[in-house]
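Small disclaimer: the values here were computed from a predicted structure and weren't measured.
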Amino acid sequence: MASFLNKFQDAVRTFARSPRFTKDPRKLQFEVDINRLFMYTSYNNLGKNVDEADAEQIIDMASKASFADQQKQVQENIHNQIKSLCTVMDAILLDVNEPQESQSKATPSRSGLSFAIGRNGPTNNHPDVPKTRPLKRTELSQRLKDSIGYTLDVKQSQIPHSEAGQGLFLNGEATVGSVIAIYPGVIYSPAYYRYIPGYPRVDAQNTYLITRYDGTVINAQPWGFGGETRELWDGSKMLDAKLNRVATEKGSDRLWKMLSKPLESSRVGNGEVLEHRNPLALAHFANHPAKDTVPNVMICPYDFPLTEKDMRAYIPNLSFGNAEEVNMRRFGSFWFRWGSRNSESNGPVLKTLVLVATTALCDEEVLLNYRLSNSKRRPSWYTPVDEEEDQRRWS
């Protein structure tokens, strides 16, 4: 196993220097990441009977296939894994012998975070909540581990610095290329940045934001730890006080709030019925590795097709607004409206993120390279895993 992974790592470094890759640093890093994900997830698809010849063949394909083809294959590989996970959780939670009736059609209670998605009052015509087995989240988590070999726990991080707080731990064993976790929360396309709570200093009071290469931002703060039921969710929830590692508001942050407040609007519709007990909807608790420690997972963009109705409850995300309502282009650090409405030819998707294992994992903390921008002052605890990758990512 170790020799296979070394081959993959050597191949990634070689491909990054290949003249067939784009010369744009930001896009280069994205292509290198997709190349790496292509190898890891393709390796995972082969199952337990993989051998060195298979690894060599995957490396050969990765050196010849176009970026577009690799990107499509990564999406297919991830989707197949997510579909299998959804099937397993359906088997645990749904009783096929009972009619699926609504558990509740009542309007969900509001919370102090309703403004996060711009909802101002109750709505009607909510989707029905299907009947599920009354399992606690911990019981569902254990049953998932029994079925696929691993689940996730959130507990005190082992990273040796005072701001590490809680960390994400894999409970069980997972192979290379496995989808370990899903990043939950409200999804904002660049057209809706001004609706992110706290805008423009959106990260001043929120450490649970993440950005995809295409500029999509996911805010996991409203999701928190999830919940104990499958229920209608409109993106609002009062968080457990223990969740937040929030910095004290400084004078400059208060000034920015006065000068430019986030906009408010109703752009999420009636919400979605989501499985709040999903044991893998905890990617936002993964910590950055300590000095001289390497990450064991990497981010993978995953466009979930909304046509997959049977899987929808297990995708812990909502889109703010209509992501296809405005076509946006990025120029340097800024996003601009560009042309007319841009519709997806293959149907609507949720632009989500998952964490993929880059090595075999066994009962250990999940560590993710944060790749923080070097254009801003980094936290004292942050040690770059690869400075060149950080620079390319935010160039």
Side-chain angles (χ1 to χ4, degrees), residues 12-13 16 24-34 36-37 157-168 180-188 190 193 196-221 243-250 252-253 256 282-301 330 332-335 351-358 365-395:
V12 167
R13 286 189 286 269
D24 175 72
R26 182 182 175 85
K27 191 175 180 183
L28 168 62
Q29 190 56 54
F30 182 45
E31 291 185 3
V32 170
D33 285 348
I34 291 297
R36 181 181 290 144
L37 288 163
S157 175
Q158 295 176 348
I159 304 297
H161 66 75
S162 59
E163 296 181 42
Q166 292 169 310
L168 185 65
I180 298 302
I182 307 172
Y183 205 96
V186 181
I187 301 169
Y188 296 85
Y193 280 174
I196 302 176
Y199 178 88
R201 297 289 184 89
V202 295
D203 59 344
Q205 299 290 314
N206 187 355
T207 59
Y208 297 98
L209 293 166
I210 196 167
T211 308
R212 294 186 6 152
Y213 274 93
D214 60 8
T216 301
V217 172
I218 305 178
N219 178 15
Q221 194 176 58
L243 172 67
N244 292 312
R245 293 176 296 183
V246 177
T248 302
E249 190 177 67
K250 299 179 181 179
S252 59
D253 295 327
W256 273 101
L282 296 168
H284 51 307
F285 287 102
N287 272 324
H288 182 78
K291 185 178 181 180
D292 299 325
T293 306
V294 296
N296 50 26
V297 298
M298 66 181 294
I299 289 173
C300 177
R330 182 178 183 270
S333 301
F334 301 97
W335 291 88
K351 294 188 174 183
T352 69
L353 287 170
V354 299
L355 302 186
V356 172
T358 58
E365 186 165 2
V366 176
L367 302 174
L368 171 68
N369 181 5
Y370 282 7
R371 282 183 182 164
L372 297 184
S373 171
N374 58 1
S375 65
K376 299 179 181 180
R377 184 177 180 180
R378 293 164 167 172
S380 59
W381 50 260
Y382 182 79
T383 302
V385 174
D386 187 319
E387 191 68 73
E388 289 186 6
E389 288 190 357
D390 289 3
Q391 292 176 354
R392 288 196 297 260
R393 170 66 177 88
W394 297 105
S395 65

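Side-chain contact check for Lys351 versus Pro301: every heavy-atom pair is 4.5 Å or farther apart. In this structure, the side chains of Pro25 and Gln391 stay at 4.5 Å or more apart for every pair of heavy atoms. Ile218 places none of its side-chain heavy atoms less than 4.5 Å from the side chain of His284. Looking at heavy atoms from C-beta onward, Pro295 lies out of side-chain contact with Thr358 at the 4.5 angstrom threshold. Contact check for Asn369 versus Glu389: side-chain heavy atoms found under the 4.5 Å cut-off. Residues Arg393 and Thr211 meet the side-chain proximity criterion, which asks for heavy atoms closer than 4.5 Å. Taking 4.5 Å as the limit, some side-chain heavy atom of Asn287 sits within range of a side-chain heavy atom of Tyr370. Looking at Arg392 and Arg26, their side chains never come closer than 4.5 Å, going by heavy atoms from C-beta outward.
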Quiz item: Should Ile187 and Thr352 be marked as a side-chain contact (heavy atoms from CB on, under 4.5 Å) after you check the CA-CA gap, both sets of side-chain angles, and the distance that decides it?
Solution: CA-CA 8 Å; Ile187 301 169; Thr352 69; 4.2 Å; yes
Quiz item: Can Val366 and Asn296 be said to form a side-chain contact (heavy atoms from CB on, under 4.5 Å), step by step?
Solution: CA-CA 6 Å; Val366 176; Asn296 50 26; 4.1 Å; yes
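Using a 30° and 60° split on the angle between ring planes, Trp381 and His288 fall in the tilted class, from 30° to 60°.
Salt-bridge check for Arg36 with Asp33: passed, with a basic side-chain N closer than 4.0 Å to an acidic carboxylate O.
Rounding to the nearest 0.5 Å gives a distance of 7.0 Å between CZ of Arg378 and OG of Ser373. With rounding to the nearest 0.5 Å, the separation of CG in Leu37 from CD1 in Ile299 is 10.0 Å. To the nearest 0.5 angstrom, Tyr183 atom OH is 6.5 Å from Leu209 atom CG.
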